[in-house]
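Everything numeric here is computed off the predicted structure, so don't read it as measured data. Just follow the structure's listing: the first ligand is 1, and inside any ligand the first atom is 1.
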Amino acid sequence: MKKKERLTAYQYLLKDKLSGDKNRELIALLKDIKLAGRQVAKELNSATLNNTIGEMYGKKNTHGEDVKKLDIIANNLFIQSLENGGNCAGIVSEEKEKVLIFNNEVSRNSKYLVCIDPLDGSTNIDVNVPVGTIFSVLKRPNLVDKTFSKDFLQIGSKQVAAGYIIYGSSTIYVLTVGKGVDAFTLDPVVQEFYLSHENITIPKKGRMYSVNQGNFYEFPLALQEYIRWCEQEDIKSGRPYSLRYVGSMVADIHRSLLKGGLFIYSKSKSAAAGKLRLLYECNPMAFLIEQAGGMATDGKKRILDITPKSIHQKSPIFIGSADMVKQINKFLKSRLFN
Ligand code: AHG
């Protein structure tokens, strides 16, 4: 039997989604991200044996959260790959308080900027639950000037590419360059990502909602009412819905993308803007899910229309199957969402 031809992510982009010479630099940048992704997957696979599980004691990130050894390892791998690749002028990373502008000659002249959460879901690392990398690619607004922090403060709809890598039972690189969504699965023997899901569309409806329900009484009343509505029996709409919450945004979004569903990280009494970061968590996921036919809002407006004011700004997020986002928006509008 003839074996089906396999296309690597690079070959697929070259042939299909990013054909043409003007896209070579972006393809090369996406290759740099893939390279670091493969290295991170390897580090995660052997972390217990290499004693890289656990916290960097005494170290907190810019949000006051504990930092894991693997957070730092992943951050360094992405920085090295992006800096040495020369296809990116600078980055914003969850693990770095300030913007990092690359100093080498080639990077300085590059068109692109990257915002990245190198290892999302880090509380799940030690227990072998899927974690991920989330990234967003922006174009420098001005190639003549040096790169400045403000160049990263672009609305999400200006992203030129975005995606995530999920490190789960397989390692999968899910990507949009603004022409739909495709996924590439890592062949662990060849150590290459091959096209595995072409033009993914998120189901319009879903029956799974994803939220940290332990925060129920912290949530705005409108959200509490929505959650109660999900729990009620209603044959027509298929309720009660199932609650699924991994605690790694990448894993919860990946399931919602393939099976349909709604992911919620709301504001609450103790966190006025929620927890998730706009530039390197909400924006890339919103771009990707919209490209797959879904929706993403902060409860009031489209995530991709928010003007960022600072690089580590947080935002509430309601993202997933279009009908589910529309439905929750009705609840959030029917009462003051505060
Ligand atoms: P981090 O990687 O900084 O630990 O954050 C993980 C994020 C996201 O992936 C997940 O959905 C959410 O935080 C979980 O937060 P809660 O524990 O508050 O539910």
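Protein heavy atom at the shortest distance from atom 11 (O) of ligand 1 is M249 N, 3.4 Å. Scanning the protein heavy atoms around atom 13 (O) of ligand 1, the nearest turns out to be K275 NZ, 2.9 Å. What sits closest to atom 2 (O) of ligand 1 on the protein, heavy atoms only, is G121 N, 2.7 Å. Ranking the protein heavy atoms by distance from atom 14 (C) of ligand 1 puts Y245 OH, 3.2 Å first. Scanning all protein heavy atoms for the shortest distance to atom 10 (C) of ligand 1 gives G247 O, 3.3 Å. Nearest protein neighbour of atom 18 (O) of ligand 1, counting heavy atoms only, is Y265 OH, 2.6 Å.
Remark: ligand 1 and N212 share an N or O pair separated by less than 3.5 Å (distance only, no angle test). In terms of polar-atom proximity, defined here as any N/O pair under 3.5 Å, D120 does make such a contact with ligand 1.
Both the sub-6.0 Å distance and the 45° axial angle are not jointly satisfied by R38 relative to the ring of Y173.
Partner F184 forms a ring-ring contact (aromatic ring centres under 6.0 Å, His included) with one of Y194, Y12, F193 and no other, that one being Y12.
The proximity of L276 to ligand 1, defined as any non-hydrogen pair under 4.0 Å, is limited to the side chain. At a heavy-atom cutoff of 4.0 Å, ligand 1 is contacted by the side chain of R277 but not by its backbone. In S122, the parts holding a heavy atom less than 4.0 Å from any atom of ligand 1 are both the side chain and the backbone.
The pair E231-R228 meets the salt-bridge criterion, with a side-chain N (NZ, NE, NH1 or NH2) lying under 4.0 Å from an Asp/Glu carboxylate O. With salt bridges taken as basic N to acidic carboxylate O contacts below 4.0 Å, none links K301 and D298. K205 has a carboxylate O that lies under 4.0 Å from a charged side-chain N of D323, or vice versa, which qualifies the two as a salt bridge.
Taking the six-membered ring where tryptophan is involved, the planes of Y164 and H254 are perpendicular, since the angle between them exceeds 60° and thus also 30°.
Applying the 6.0 Å contact sphere to CZ of R24 captures no more than 12 heavy atoms from other residues, nucleotides or ligands.
In this structure, E94 counts as a contact residue of ligand 1, since one of its heavy atoms falls inside 4.0 Å of the ligand.
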Would you please test F263 and M285 for side-chain contact (heavy atoms from CB on, under 4.5 Å) and show each step?
-> CA-CA 11 Å; F263 175 82; M285 287 304 196; over 6 Å; no

